[in-house]
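See below for the structure under consideration.
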Amino acid sequence: MLRIRVLHGPNLNLLGTREQSIYGTLSLDAMDSAIMKLAEELAVQVDLHQSNSESELVTWIQEARTEYDGIIINPAAYTHTSIAIRDAIAAVGLPTVEVHLSNVYQREEFRHCSYIAGVAIGQISGLGPIGYLLALRGLHDLLTSSRRQKKTTASATSRRAAKGTRS
Ligand code: CA2
């Protein structure tokens, strides 16, 4: 079973309570439930965390290295400031999708720079909570096809080994 860790950055615990014109009306719990529902449909094991602390996010990313196959992260304001989160993602080497609820490129200039984008396999920005669901489907499809590919290659290699042929 594929395992994906979902991380929400600072202030996203306030979702649905303030700034609804930017971030929508859904609470973080409601969004997490929608992610869990899709995870069940896709038969993916998902765990979800939110933190206002950069160090806690870094620790969860580091821990994911041995326990998870991929990461979905909305680093929130740390997107635009955190070399520590970028380095952690690069260090674990897991396929990571960066998600933003709002379209950061339509907002203030300082939100146009992401320290995370360069180490993520992709970024989804501006689709609201649907962005997380698309990220989950996308990671699921990529990881599933790469597993299938590895299996095919491994069985071709062992067939060739059994026959005593090369390449
Ligand atoms: O659009 C996004 O998802 C962001 O990552 C949200 C961050 C912001 O700093 C990024 O530039 C874009 C802010 C999250 C704050 O969330 C709140 C939710 C409700 C009320 C107040 C803040």
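Start at 1 and go down the list; that is how both ligands and their atoms are numbered.
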[Y] side chain reached by [X] side chain, heavy atoms, under 4.5 Å:
X: Glu56; Y: His49; value: no
X: Tyr132; Y: Ile72; value: yes
X: Asp32; Y: Gln50; value: no

Give me the nearest non-hydrogen protein atom to [atom] as residue plus atom name, then the distance to 0.1 Å.
atom: atom 2 (C) of ligand 1; result: Leu101 N, 3.3 Å
atom: atom 21 (C) of ligand 1; result: Glu19 OE2, 3.5 Å
atom: atom 13 (C) of ligand 1; result: Tyr23 OH, 3.3 Å
atom: atom 16 (O) of ligand 1; result: Asn11 O, 3.4 Å
atom: atom 4 (C) of ligand 1; result: His100 ND1, 3.7 Å

Quiz item: Taking heavy atoms and a distance under 4.0 Å, where does Asn74 meet ligand 1: side chain, backbone, both or neither?
Solution: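 It is the side chain that gets close, since no backbone atom is under 4.0 Å.
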
Quiz item: Between Ile22 and ligand 1, which residue portion shows a heavy-atom distance shorter than 4.0 Å: side chain, backbone, both, or neither?
Solution: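 Neither part.
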
Quiz item: Just by distance, with hydrogens left out, do Tyr105 and His100 show a side-chain donor and acceptor under 3.5 Å apart?
Solution: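 No, because no side-chain N or O of Tyr105 sits under 3.5 Å from a partner of the opposite role on His100.
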
Self-check item: Ser102, any N or O under 3.5 Å of ligand 1 N or O
Solution: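 For ligand 1, there is an N or O atom that lies under 3.5 Å from one belonging to Ser102.
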
Quiz item: Between Asn74 (side chain) and His8 (backbone), is there a donor-acceptor pair under 3.5 Å?
Solution: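 No; judged by distance alone, with no hydrogens or angles, the pair does not exist.
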
Exercise. Check whether any side-chain N or O of Glu98 sits under 3.5 Å from a backbone N or O of Ile124 as a donor-acceptor pair, and report yes or no.
Key: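 No.
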
Exercise. Report the C-alpha distance between Asp47 and Glu67 in whole Å, list the side-chain angles of each, state the deciding distance to 0.1 Å, and finish with yes or no for side chain to side chain contact (heavy atoms under 4.5 Å, CB included).
Key: CA-CA 11 Å; Asp47 91 325; Glu67 304 289 324; over 6 Å; no

Practice problem: Using heavy-atom distances, let me know which of His8, Arg18, Arg111, Arg107 sits nearest atom 20 (C) of ligand 1. | Solution: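 Among His8, Arg18, Arg111, Arg107, the closest heavy atom to atom 20 (C) of ligand 1 comes from Arg18.
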
Quiz item: Which ligand 1 atoms does His80 reach within 4.0 Å, using its non-hydrogen atoms?
Solution: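 Taking each heavy atom of His80 in turn, ligand 1 has 10 (C), 11 (O) under 4.0 Å.
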
